[in-house]
Structures are given as structure tokens and as C-alpha cells.
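Heads up: the structure comes next, in C-alpha cells.
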Amino acid sequence: MPKLTINGQSIEVPQGTTVIQAAKELNIPIAHYCYHEGLSIAGACRMCLVEVEKNPKLQIACNLPVTDGMVVYTDNPRVKDAVKWSLDFHLINHPLDCPICDQAGECKLQDYYMDYGLYTPEMDQRKVKKNKAVSLGDRVVLDQERCILCSRCVRFTKEVSKTHELGIFNRGDRSIIATFEDRPLNNNYSVNTVDICPVGALTSKDFRFKQRVWFLKDFDTICNGCSTGCNVKVSYNANGVFRVRPKVNKEVNGHWMCDFGRDIYKHTNKEYRLEAVVEKREDLSGATVKGKPVALALQEIGKNLKQAKNIALVLTAQYTVEEYEAFLNFFVGKLKVSSIYYWKNNETSFDSFDGLLIRGDKNPNTQGLLKAAQKHNVKLLPVTEFDKSASSFDFCILAAPENQAVYPDITEKCQMFKKSNEVVCITSCYNDSYNGFKWQIPAKSFVEKDGTFVNFKGVAQKIKAGVKIIPTSVSLEEVVYGLTESMGVSI
Amino acid sequence: METKLLTQHYDKPEYQSLKGYQKLGGYEALKKAFSMKPQDIITEVKNAGLRGRGGAGFSTGMKWSFLPNNNEPRYLLCNADEGEPGTFKDRVMMERAPHQLIEGMIISAFAINSKKSYIYIRGEYMAPIKIVEKAIREVYDAGLLGKNILGSGFDHDMDVYRGAGAYIVGEETGLISSLEGKKGQPKLKPPFPAVQGYLKKPTIVNNVETLATVPWIITNGASEYKKYGTEKSPGTKLFSVSGNINKPGVYEVPLGIPFKDFLQNECGGMKPGYELKALIPGGSSCPVLTRDEALKSTMDYECMSQLGSMLGSGGVIIIDDKQCMVDLLNILMNFYHHESCGQCTPCREGTGWMNKITTSLLTKNGKLEDISLLHKIASHMLGTTICALSDAAAMPVMSFVTKFRDEFEYYAKEKRSKVKGDVHYAQAHH
Amino acid sequence: MSVVKRPSPKAKWYIPGILTGLKITIKHMLFNLASRKDMITVQYPEEKFQYSDRFKGNHILTVKKDGSLRCTACMLCATHCPAECISITAAEHDDPEVEKYPISYEIDILRCVFCGYCEEACPVDAIRMGPEHQTAAPAGDNFIYDITKLAYRAENKGGVLSKVDDQERHKRGL
Amino acid sequence: MSFLASRLETLVFNIEKTLHVPLVLSEGCCTVEIENTSLASYDWGRLGVSEVEELPQEANLLIVAGWVNKKRSEEIKEYYEQMRKPTQVIAVGSCALSCSPYKLGAGSEMIKVNDLINVDIFVPGCPPRPEAILSAIIELQKKLSPGPSAQEVLHAALK
């Protein structure tokens, strides 16, 4: 276990770690562009220069293995000057794009200029001109002038997505990142290159010019796109959620996240959401009434539920463990409901796995639902059997899926549910096929509620409410609470 | 007093063919080498004090001893890229005596127990490639290559690999990347080539002249070799001399010969009407020497590094008083800006910046503070990159700007050359 | 210390006091009638007070030579506005030279405190505080000024040219 | 007789309508601007606005300016009830219109004038120039009696 001292602080690190990793543990800041924990070492940006005793030349910290008794300095004047000039070399051909660059506010060039630069630039020659706004594929746009050629994205397509689309073409300061004509950057993890790009060269088409970064706040949650349970950061502000980015979690998703997960924020925003209770009146008009307060609606449902003899429950694996607990406690424990159906979305590709992060099981909490069912020793019937005894149910409580994109069979299943007498559909997003139902209750999306998701491996991960988009929406626990109130059944 | 150890028979055309080479004493060293143990060959070369002739001047024996003694396959690569401006000695050796090189490589391969070796020849050298390939075929037919050479149980294969015209592959790891079919970009060096080089296997890269000297050392012995040259840099070296002198060309002289005599005798002195103003001793990447520094210098590694320059690959460029130093520096900077591989930022951006500054000086819109800026940029490119191209670009700039600052200031102030007067450069060598 | 004179006995008879007052007002009236031009009152609707160039009046969105907005939607003004009354939505421009431009640029005049921070924050002189002073409007009127009002209203006479011309910056290689 | 009376009454009403008797409830910097409008250089008397009144019963034009917090809102409401009907209200300055300068303070619950009483004319600005207040009065008169105003008829005739 070699021991080294950096700026006077000493630390013992396992054999084979590099100086930059040791510095990270001592949280000593070392500037770096091309170094990334999840990728191989390129040693090309030359920002992480440090001085090592008994070594005349400055060494790059990212590739320097720690040897015993090594003494490293990162903040003496010589290193500061070297890092300042490395930064200067990055900036001399960099276009003055900060006003129109999406990365402004979280761009490493800006950050490091404030930490290591603050010099008056001396470059007054003409800058190298390259192409702007080159579309690399369906989701990523490249600006070759802003690119500092740190080759992170090239290494990502070589080592992580293993699709080899990006490469550095030409030589010297005419080098550009580009793809071959017939191979655009369209693999399932292409937007990761946008996260790891330290500057604004790679921008995601979905988030392009949507919002300035300093107007956004982040909070951590779990992606509900599939059962891998990647840790993500969601960026939001007063008028909604704007983007989703991965958060480092070595065991579950490493540094990466798939492109489908990037779109999950869309179904939490206002334009897709059911904002108020929708009730289809039974009287003459049969008109639909909107806007009734949820508590009142639940009271009415509660009254009808009391006389209901045969109740059906249709669950999808999109909700949290706590919600299943409350639901099963109430319906199975108190109302002795026996017919509980489990709406599994894609039977065929359920167990597929693409080798990195994308799993066929597109629900975040399948394991959670199965465990809750076992705990309440409830037999989950497949939803196709609902058809047989559909008309016999005079009540059907449907916990509709939140991420409708992965439920292609919604319209067909809703026709089936309509056969039962009264359908109470608890859904966060509206859908035309829900219109026939008696009740539609606005549900909270996964960014608005606390809870736990259990991923495919059984790892339980907490999600917390970070943003309030539809104030009137309720979670399943609140639905149960509302029903118990009106039915006078104590939990 | 040109002492011809290697170039003794270069003037005879039949020396190029296998039979002619064997008649003049070729491949005797090979038989002698097979009789010795590989380790003895390495110690013999180490005792001879043979230093790398490619540019770094690192002791060859020492380099060979860095090989780890595991049974991984080893590779021997001959660096015949010779991209350094002002150097053309390897070409002469390959054209006049290909077998000298081949014999040296077989002996070296036997010494380091390598089954496979490549000769990486610069893409532009069409003639030498044909000659060396023909020579290799002759050697294969003669049974001196392939399986069980001369019954010694040592089998070895040799190929020629054509470069693709990049100066950067003259650098060890750049050459290895190019050989592996990748883009010719240097690799990171804590894993040194001796440990992990070509296809991640131990690899030794040597210059043409270094390998060609090995047979002479084996036949005549290390002590004989040490008689020539100085104590620290023994033996002879081929110098390719260019400039306004009477007899430019390739000369083999013992190391340590004073430059003044070398200029007078071998090179036939300056052309009439031209005066020596400056000297680039070892190819364009070596710092320049002023007139009096050059005249008191001797041609060996130690003296050159004392004067702040390098012997390098022996490309002697004589600069006379009719040349404008700013123009010269611009030509060099344009070369390095074009040849930088673009992997590391200081070199990729720095060479471009310096090139544009010298261009702006020549096209009459240079400023006085540009000169100190040039020096600042160069000083911050030294030693901050993966390979030495950044230093090769920085060192001429620092030496030109410090030793000939008056010409640069004159250009900045008067907007015309101190030597050549008003010369119009449209874009100045862009 | 100012010494207050005691009023003269004559003033007690009120009449001379009134008459001197009348004398002054009539003098002023006649004087004003005689030389109307150096009357200090500004006849508001007809005459307008001439402000200095630094006056911070209604906003103007400057335009480029080809008439399109100079603003690149970089949101710096919206960030610096203390009253947060500027809201911009940006979009991609089809000409690759001009990457980003605002589809909608709205200033809520009721919230705006006319401090001029947006003018200072703008890197390309896209927004300026113009010379016209604010004007009142009835309650129902639209107080959210959009691009047509800010850039192409009548007073701007087809758009005020921005001092920072982007073509010239490209030529200089910036 | 009643015909004459009603004619007289409309005559008085029309005269009365053109005469604005202002009651100024102002806090902060807008007060100075409103005073400046009443003084010589911007004289609002030209536009038919009389001396500023103290008693709400006398005034029929309420000019509100400055920040409106809970305490002050009751006061404004009181004045507003006692004023002569039909009362017109002009809200002056950003504080009164949108309380934007005070949006940040913790616990500074400022109230918009428009939420308190219905306002006829808004005068944006912080503080608005005297001309802006003059333009508010012209707008008010336009609102009260639409159609070309006397000056415009006169100017059109003169041209």
C-alpha cells in the first residue's frame, strides 16, 4: 500500500491508483478535461500537470502511478503557471460562443478560467474556423469549433457503447470530431457523450436552447424507464422539468444512462398530465365533469365502494413499494378483494438485456410489486384473464401506468376494462382511451412523490419528491386514505 | 580526415548486392555473432559505448537491457522514417549498403531474441524501399533469414513497412502506433516501448545507423571501436551537411571533431561571398548556435549540450549571412504546425499560434511584444506534452529569439528584413 | 441666524397686501402671454421635453442590417433583471452562422423598474433603453410588450441598428 | 320643467366630469413625481385637474402610488369608499402595479392596487416621468368621453 503526500497531506492508497485518484480522495482539486473515471486515460489535455519531487519535468497526474514516498505539489507557482498556460492553449482557438452555448454556466472552460486563469488573453491572431452545428445523429449536435479534442466522446463510443461511431479526423489543430457518412451517432447511449463533454461542443437536440442552466435546480431520483433503476439527476424550475442526467452509482449504473431514460421527464410535465378529476355522470346528460376536488371525488367513490360486492384491482409495476403496501393493506386486508390483476406490458421482450443498462422489463418496481404480493399472499392474475369475468365486477380500480410509451396495448386493454360496471382510473398522464371510465383521478408522477423502487436485482432505492407540478395530484396512499375516510374503515 | 568505418565501400555499386557485400566481408559478423551468446553481444555493444544515432543519443546497450526477461515475443523495429528536416544520411546508407543494415538487424534480433522485425521506411523514400526490399529477398533466398538461419536454430522474419508521410512517426511510440495500423499518434509513456510497445509486446526501436554499426563492432570488437571519437561518445557518425558550402553531402567523421576543421576540410568551406552566421547542428529541432559558438564547438553529444544545443540526428544546416532569421523561423514553424499530430493541446495550439505570429511578423503587421510572447509560448510548450515534437518546435523558437533578437525587433519596428530588405510575403509560407 | 423683519404698519390694512399679490400675478400673466416660448410649462401633448441620451425610457430591441433581431437569446438580461420581468424562448436558427435566436421576447412593463441592468448585461447591444418616456394605458391593455412592440413599433422606424455588427466580428476571426 | 332640470343636470354632470379633483395617496419616490406634475413645469391644471384635495368626500380622482402593505390597504379602502362617485383610480409606479421591487423580501406581503380596488389607468415606470402621469390623465379623459377630444377638434379645424 504505497503512501504519498500531496501538498503536505499524506494518504495511503492501494497499489496501481494514479495521483489524480489519490488527490480526489484528499479532495484536492486537480484540473482535468480528458480524464474521466469511467473511461481509459488519454493524457491529451495536459491540464493535470503536477510537480513531483526529484523529477525535473512536470508530470500529468492522471497517468502517474503512485509509488511509495512520492511527494507531489499541485499548488506551487510553477504548477499554477503551467496549468494557466495549458488552459490558455485550450482557449486561443475557442470561439466566443458563450452567449449562445447551452453549456454556459456548467462549462469546464469557464469554471477553470475562474479557478486557474484570470489572465488577460494575448492571442490576437485569427482563430481556426471549423463547421458549426453539425448534426451527428437523431439526438446529438456537434460544434467543431468549440471542441477541445479531449477525445472523451471518442473513447466513450469505443469503450462503453462499443459502436465506434466517433473519431478524430485530420491532424494538428485542423483535427475535428466527426462520424462517417453512413454511421451517424445513433446508438442507445449517444446522449451520454453530451454529459461527459466538458465544453459545449456536444449538445443534446432535446434540451437545445430550452433553458439556461443557471435557471435550473437539480434533485436526485431513480429513472422509472426500466427495471435497471439508474440513479439520475432531474433538472427543473418553476415551469416544469427540463432534462434528466445520470448520477454516478458504481453498483447500479456506473456513470452512464440510456437515451430512453432521457425522455422520462416528458410525461411528468404539465402538457401530458391529467390536472383534475374527470367524472362521467350517470344521469341524463352523461356529460363529463371536470375539476371536482379529489377528496370529494374519493368520498363519493368510497360510498359506492361500500355497497360494491365484487371489486377488481388492476396494478402496474410503475408505483412505489409504499403505495403497493397501502393499496394491498386496504383492498386485501380490509375489503377482502381477491381478484387482483397484474398488467405486464411487454411479455415477449420482458427478460431481454442489451448488455449494459437497457432491460426488457420497462417497469421500475416489478420486484417491489411481486414482493408486496407475496407478503400479502395474494395471487397476481395475468390481466388477460380480466376479460372472462369483466362484466361481473361492479367496481374496477385501475392503477394506470405512468410511462405510457412502454404500454403499447393501452387502448385495447381499456376497452376490456370498460366492460366492468364502474372503473376508477388513477393515472398521472391523460389518455384518450381513458375517456370512457367513470372516474379519472390525477396521480402524482415519480418526481413528485417519496417512495422506494426495487430494481431487477432487488436493490431498493429511495426516490424523493423534488418538484410540485400538479398540486392537486395524489399518490396511491392518499387515494387509500381518502377512501378510508369516507368508508369509515380504520386502517 | 574522414575515417570510413561504415562508408568504406559506399562508392562501389556492387556493395549494394548480396554477393558484392559478402565478397567485401559481409555477413562474417553474423557468423561470429551466432557463435557468441546473445548476452555477450549486448555487453559487447554496451562496452563499445554505442549511442543511438537517431537523435536522443541514448546508449543502445542500455536500451536493449531494459527488455524484461519473460518469454513474451519481442519485436525489433528499425526507425528509417528520417522526417527531421536537414537529415538525409539514412537514405544514403539504405541505398548504398542495405545489407549492412539487414546484417546489423539480424545480429541485434539474435541478441534480444526477437523473432520478427520491421524496417519502417519513410513513405516518400521510394528508391530506398525498392532497394531494401530487393535486398531482403536476396537474403531470404540465401537462407540468411527465415527458419534456422545458418543452422543456428535462430529463426527470424523481416519486413519493410512504408510510412504515410507524417513527421510524428519518427517518434518511437508514434512509429509503433502507425505500425499497428492506428493513427500515428504517440502513446502515453509510463508503459515504455521496451516493456509494452508494438501490439503491447516488448519492442526495441533503433535508428538505421545504430543498427548498421553493430556488425562492425562485432567483427572488430568494442575496444577497437572506442579508439575513434571521444571518451563519452565513441565511434564515428554520419553527418548530412547542407547550406551554402562548396561540398554539401554525407560525411562519416569520428565524433569529437572540431566543427571548424570539419567545415574547412570535408565541406570545402563556405561558398565565396557567403559568411557563416549560424549553425543548426543536428536537424531542425536543435537550438541554433551563433557563429562564434559554432566555430569553437566540437561535433559530439557532450559539447553540443554544453552549448545548449543537441547533436540530434546529425543534420548540419549551415546558415550564412544572406539568410533572414525571421523567414527561417517561419519556415520551421510552418513545418511544425503542419506536422503536429494534434493529440496534446499545448503542441496542437502552440505550434499554430507561433506560426501565425511569425507569419504576422513577415506580413508586416507584427508587433514588438510579439517577440517576447513567442518566447513565453515556447517556454510553456517545453516538457509539457506526451512526445518531444512540442519541445522540437519550442527549442528553435527560443534559440532564434534569444540569439537573433535584433533581427526580430528590426522586423517588428521597420516592417522589413534587416538582411534582405523589403521582401513581400503574400501569406508567408502558409 | 436670519433676522425676521416685523411687518410694516401699512400691511395691517389688508388692501395694499391684496393689491401687491394681484400685481404680481397679473405681471406674470402678461409676461407669459407676451413671450409664450420661454414659458416654463411644457405643453405636454404638443411639446415634448428633450431628454439626454442616457435617459432610460421604453426598451428597444435593436436589429441587424438585414432587419432580423440582433438578440441571440443568451438570457443574460433575464438573469440580471432584478424584477425578473423578461421571459425569452429561444429556438434554433436554420442558418448555421446564426445559431440561436429568440422566438418570443416579452417584457412585463408593470414589473419592470427601468433600472437598465438588461442594457448593461447585453453583450451584443441587442436591447437598449430608448428615449421615449413610459406612457400610461387603461387597465385592460396588454402590458406584456412582445417583439413587434419592442423592436418594430412605429417609433423605431423599422428597427434601430445595433452597434455590434456580427458580420464584422466574424471577419476579425472572433 | 323636468326637461329643463334634466338638461341642467346633464350640463352640470358634463362639466363636473371634466373637472378632476385628485386625492393623492402616495408613498415613496412616486410622491415627488406626482407633485412635480402639479407644479409649474408640467402643470396638470391645463388638463382640468384641480388642486389636490385632502378630504376624500371632495375628490373624485384617486391617485395611488407606492408600496401597499396590509396596513396601508385598509386606509386606501376607507378613502376609496368615501370618495365622490364616479371615482376614477390611477395607479402609478411599479410598486403599486406589481410590487416587483418588493418581491424578494421575506414576509413582505405587498398587495397590488388592482387586487384592492379596480383601477382605471396603469402608469408603468419607477418612478414614471411627469409626462407619463399627464398621459395618464389624457388616457382617463379619453376613457371617460371617447371620441376626439376638444384639442384635437380645435387642431383639426385650425389646420
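Keep in mind that what you see is a predicted model, and the values were worked out from it rather than measured. Quick note on labels: first sequence line is chain A, next is B, and so on, each numbered from 1. Just the heavy atoms: all of them, side chains too, but no hydrogens, waters or symmetry mates, feed the values below.
Put simply, the side chain of B:P190 does not reach to within 4.5 Å of the side chain of A:L64, judged on heavy atoms. By the 4.5 Å heavy-atom criterion applied to side chains, B:T384 and A:F89 are not counted as neighbours. B:E369 is not listed as a side-chain neighbour of A:E122, based on a closest heavy-atom distance of 4.5 Å or more. Looking at heavy atoms from C-beta onward, B:E339 lies in side-chain contact with A:R171 at the 4.5 angstrom threshold. Counting heavy atoms from C-beta outward, A:Q125 and B:S360 have side chains that approach closer than 4.5 Å. Contact of the A:L149 side chain with the B:Q343 side chain is not registered, since no non-hydrogen atoms from C-beta on lie closer than 4.5 Å.
Distance check, rounded to the nearest 0.5 Å: CG of A:D81 to NZ of B:K376 gives 9.5 Å. Separation of atoms CG (B:L188) and SG (A:C62) is listed at 7.0 Å; rounding is to 0.5 Å. We find the NZ-CG distance between B:K183 and A:N170 to be 7.0 Å, quoted to the nearest 0.5 Å. Distance CE/A:M123 to CD1/B:I377: 9.0 Å, rounded to 0.5 Å. The structure places CH2 of B:W353 at 13.0 Å from CG of A:D173, a figure rounded to the nearest 0.5 Å. From A:I92, atom CD1 reaches atom CD of B:E349 across 5.0 Å, with rounding to the nearest 0.5 Å.
Each of A:L49, A:I168, A:L58 has some count of heavy-atom pairs under 4.5 Å with chain B, and the biggest count is that of A:I168. Interface summary for chain A: among B:K189, B:M381, B:R348, the most heavy-atom pairs under 4.5 angstrom belong to B:R348.
Only the side chain of B:L373 comes within contact range of chain A, with at least one heavy atom under 4.5 Å from a heavy atom of that chain. In this structure, the portions of B:I357 lying under 4.5 Å from any heavy atom of chain A include both its backbone and its side chain. Neither the backbone nor the side chain of B:L382 comes within contact range of chain A; no heavy atoms are under 4.5 Å apart. Looking at B:K187, neither its backbone nor its side chain comes within 4.5 Å of chain A, counting heavy atoms on both sides.
Atom NZ of B:K415 has more than 12 heavy atoms from other residues, nucleotides or ligands within 6.0 Å. For B:F66, the CZ atom is densely surrounded, since the number of other residues' heavy atoms within 6.0 Å is greater than 12. A 6.0 Å sphere centred on NZ of A:K24 holds no more than 12 heavy atoms belonging to other residues, nucleotides or ligands. Remark: A:D68 CG is packed, more than 12 non-hydrogen atoms of other residues, nucleotides or ligands lying under 6.0 Å away. The number of heavy-atom neighbours closer than 6.0 Å to NZ of A:K3, taken from other residues, nucleotides and ligands shown, is above 12. When the shell of 6.0 Å around CE of B:M62 is examined, it contains 12 or fewer heavy atoms from other residues, nucleotides or ligands.
Across all non-hydrogen atoms, the minimal contact from B:K356 to A:N93 is NZ-OD1, 3.9 Å. Between A:K57 and B:G383, the shortest heavy-atom contact is CE-O, 3.7 Å. Closest approach of B:G342 and A:S175 over heavy atoms only: CA-OG, 4.4 Å. Among all heavy-atom pairs drawn from B:T345 and A:H90, the shortest one is OG1-NE2, 3.1 Å.
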Legend entry - Candidate pair A:R174 and B:H338, rule side chain to side chain contact (heavy atoms under 4.5 Å, CB included), full reasoning: CA-CA 9 Å; A:R174 304 165 304 289; B:H338 185 260; 4.2 Å; yes
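The aromatic rings of A:W85 and B:H380 lie parallel to each other, their planes meeting at an angle below 30°, with 60° marking the opposite boundary.
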